[in-house]
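Here the structure comes first, spelled out in structure tokens, and everything after it is commentary.
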Amino acid sequence: MDTTLPAASRAGLGAMIAIEARRFARHPLFVLGALAAWIITAVVGTSGDQVTDMLAWPIIPAFFIGLPSLVVAASLTRSTEVAAEAMGTVPGTEARRTLAVGGAALVPLAAGLVWLVETLVIAAVRGAHPNELWFGTMDDLHVWSLLLGLGPVACLGGALLGVLVGRWLRFRGAAAVVIVALVALDILAQFGTMGEDIVANHASDDLSVRLRLWVPWALWHSGSVDGRSAVAGGDPFWYLLYLLALCALALGGAVWHDRSARSARLRFSLSGLIAVAACLLALAVFAGPEAGTVSGRVTATSQG
């Protein structure tokens, strides 16, 4: 987290990041996950008579790229320490090795951006229903924020959470346990937004619906229900920035594991990030629309 490294040190860190990025990009679990995300999106986007519910699509990269990246990053982080123990020394301090694996998280971010480009191409080629919750029927900034935050940033966040897990949790299967706990917590925290009438719950101005935004992957789009769909209340732009703050906190928390790196600057940075994340969450909850946006449209099924 120290941005005042000498030029030679920065160059050395860059080389370490490049090595870890190559290891990340070649990991079979990441490769399979990325391919699955791209292929499933292509299938979904070319099925049926019309493209629908595109703001629900980010769950695809979040699941198939973000969660596997958590496992990959945790494995890479632990492997640097195994090498250190076996060889007696490895390049750089633990904090620098942590930053190197954290820098490699740009690989799943790039995979998520590829997914985003694929989604936009599908939407441009096939078009969207005039009433689809998309560009033109919603605030463009909100659409971009949802696509980026729930897609590419979720891929980045999964990898950085994996670095945090790899540093602090040493028991076998720690990454899998964290994934199960993360998914369960995410579902339970948003239980109030689900139910028999999903669209009605999304459109509700109940504060509990907006309070769901504290989780690292919040449900926004309801999906199609009887020809209608909805985007839940809250401000997607502030939520995007909140997610980026969580990403920075995950990397900073991983660096904190190195006792030699626990400087006053790092302590101040982490404290500041916590405060910023809290403010951004408050803005996401209270600054956006209290009630969600509802769209009535003909679905691909009912067009028959």
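One N or O on the side chain of Q190 and one on the backbone of D186 form a donor-acceptor pair closer than 3.5 Å. Listed for the Y239 side chain is a donor-acceptor partner under 3.5 Å among the backbone atoms of A218. W238 places no side-chain N or O within 3.5 Å of a backbone atom of F286 that could act as its donor or acceptor partner. Under the 3.5 Å distance criterion, the side-chain polar atoms of T137 are matched with a main-chain donor or acceptor of E132. S222 places a side-chain N or O within donor-acceptor distance of the main-chain N or O of A230, the cut-off being under 3.5 Å. Between the R210 side chain and the V285 main chain, a donor and an acceptor come within less than 3.5 Å of each other. Listed for the H257 side chain is a donor-acceptor partner under 3.5 Å among the backbone atoms of R167. A donor-acceptor pair under 3.5 Å is formed between the side chain of R212 and the backbone N or O of V209.
L251 approaches G102 most closely through the heavy-atom pair CD1-CA, 4.0 Å. Heavy-atom minimum distance, L169 versus A174: CB-CB, 3.8 Å. Nearest approach of V153 to L243, heavy atoms of both residues: CG1-CB, 4.0 Å. Residues A73 and V101 share a closest heavy-atom pair of O-CG1, 4.0 Å. R267 approaches R262 most closely through the heavy-atom pair NH2-O, 3.8 Å. Of all heavy-atom pairs between G151 and P61, the closest is CA-CG, 3.9 Å.
Taking OG of S269 as the reference point, atom CG of L249 lies at 10.5 Å (rounded to 0.5 Å). The OG atom of S47 sits 7.5 Å away from the CZ atom of R126 when rounded to the nearest 0.5 Å. A distance of 11.5 Å separates CG of D258 from CZ of R96, quoted to the nearest 0.5 Å. The CG atom of L150 sits 11.5 Å away from the CG atom of L116 when rounded to the nearest 0.5 Å. Atom CG of L213 and atom CG of L283 lie 11.5 Å apart (nearest 0.5 Å). Note that the CG atom of L29 and the OG atom of S69 stand 8.0 Å from one another [nearest 0.5 Å].
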Exercise. Carefully, step by step, assess W256 and L270 under the rule side chain to side chain contact (heavy atoms under 4.5 Å, CB included).
Key: CA-CA 9 Å; W256 185 262; L270 291 175; 3.9 Å; yes
Quiz item: What do the steps show when you test I59 against W217 for side chain to side chain contact (heavy atoms under 4.5 Å, CB included), and what is the final call?
Solution: CA-CA 9 Å; I59 195 173; W217 200 94; 3.8 Å; yes
Exercise. Could you please spell out the steps behind the side chain to side chain contact (heavy atoms under 4.5 Å, CB included) verdict for L133 and W220?
Key: CA-CA 11 Å; L133 291 171; W220 287 83; over 6 Å; no
Practice problem: Just do the side chain to side chain contact (heavy atoms under 4.5 Å, CB included) check on L106 and I17 with the steps written out, would you? | Solution: CA-CA 10 Å; L106 293 176; I17 291 174; 5.6 Å; no
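Both L120 and L148 belong to a common hydrophobic cluster when Ile, Leu, Val, Met, Phe, Trp and Tyr are linked at side-chain heavy-atom distances under 4.5 angstrom. Following chains of ILVMFWY side-chain contacts shorter than 4.5 Å, one cannot reach V255 starting from F268, and the two form parts of different hydrophobic clusters. Note: the hydrophobic cluster containing V180 does not contain L182 (ILVMFWY, side chain heavy atoms under 4.5 Å, direct or indirect links). The hydrophobic cluster containing I60 does not contain V121, counting ILVMFWY residues as joined when their side-chain heavy atoms lie under 4.5 angstrom apart, directly or transitively. At a threshold of 4.5 Å between side-chain heavy atoms, the hydrophobic network of Ile, Leu, Val, Met, Phe, Trp and Tyr places V117 and V125 in one connected group.
Pairs passing the salt bridge (Lys or Arg N to Asp or Glu O under 4.0 Å) check and including a residue from residues 23-47, sequence neighbours excluded, read E20-R23.
Two residues are said to be in side-chain contact when any heavy atoms from C-beta on lie closer than 4.5 Å; C155 and L109 fail this criterion. Side-chain contact between V231 and L146 is present, with heavy atoms from C-beta onward closer than 4.5 Å. Side-chain atoms of W214 and L246, non-hydrogen and from C-beta on, never get closer than 4.5 Å to each other. With contacts defined as side-chain heavy-atom distances shorter than 4.5 Å, the pair F237/W144 does not qualify. Under the 4.5 Å side-chain criterion, counting only non-hydrogen atoms from C-beta, H142 is in contact with D235.
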Would you tabulate the side-chain donor-acceptor contacts of residues 30-46 under 3.5 Å, counting partners in other chains and residues two or more places apart, or write 'none'?
from : atom 1 : to   : atom 2 : distance (Å)
W38  : NE1    : A111 : O      : 3.3
T41  : OG1    : A37  : O      : 2.8
T41  : OG1    : W115 : NE1    : 3.0
T46  : OG1    : A42  : O      : 2.7
T46  : OG1    : V43  : O      : 3.4

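Around CZ of F63, the count of heavy atoms belonging to other residues, nucleotides or ligands within 6.0 Å does not exceed 12.
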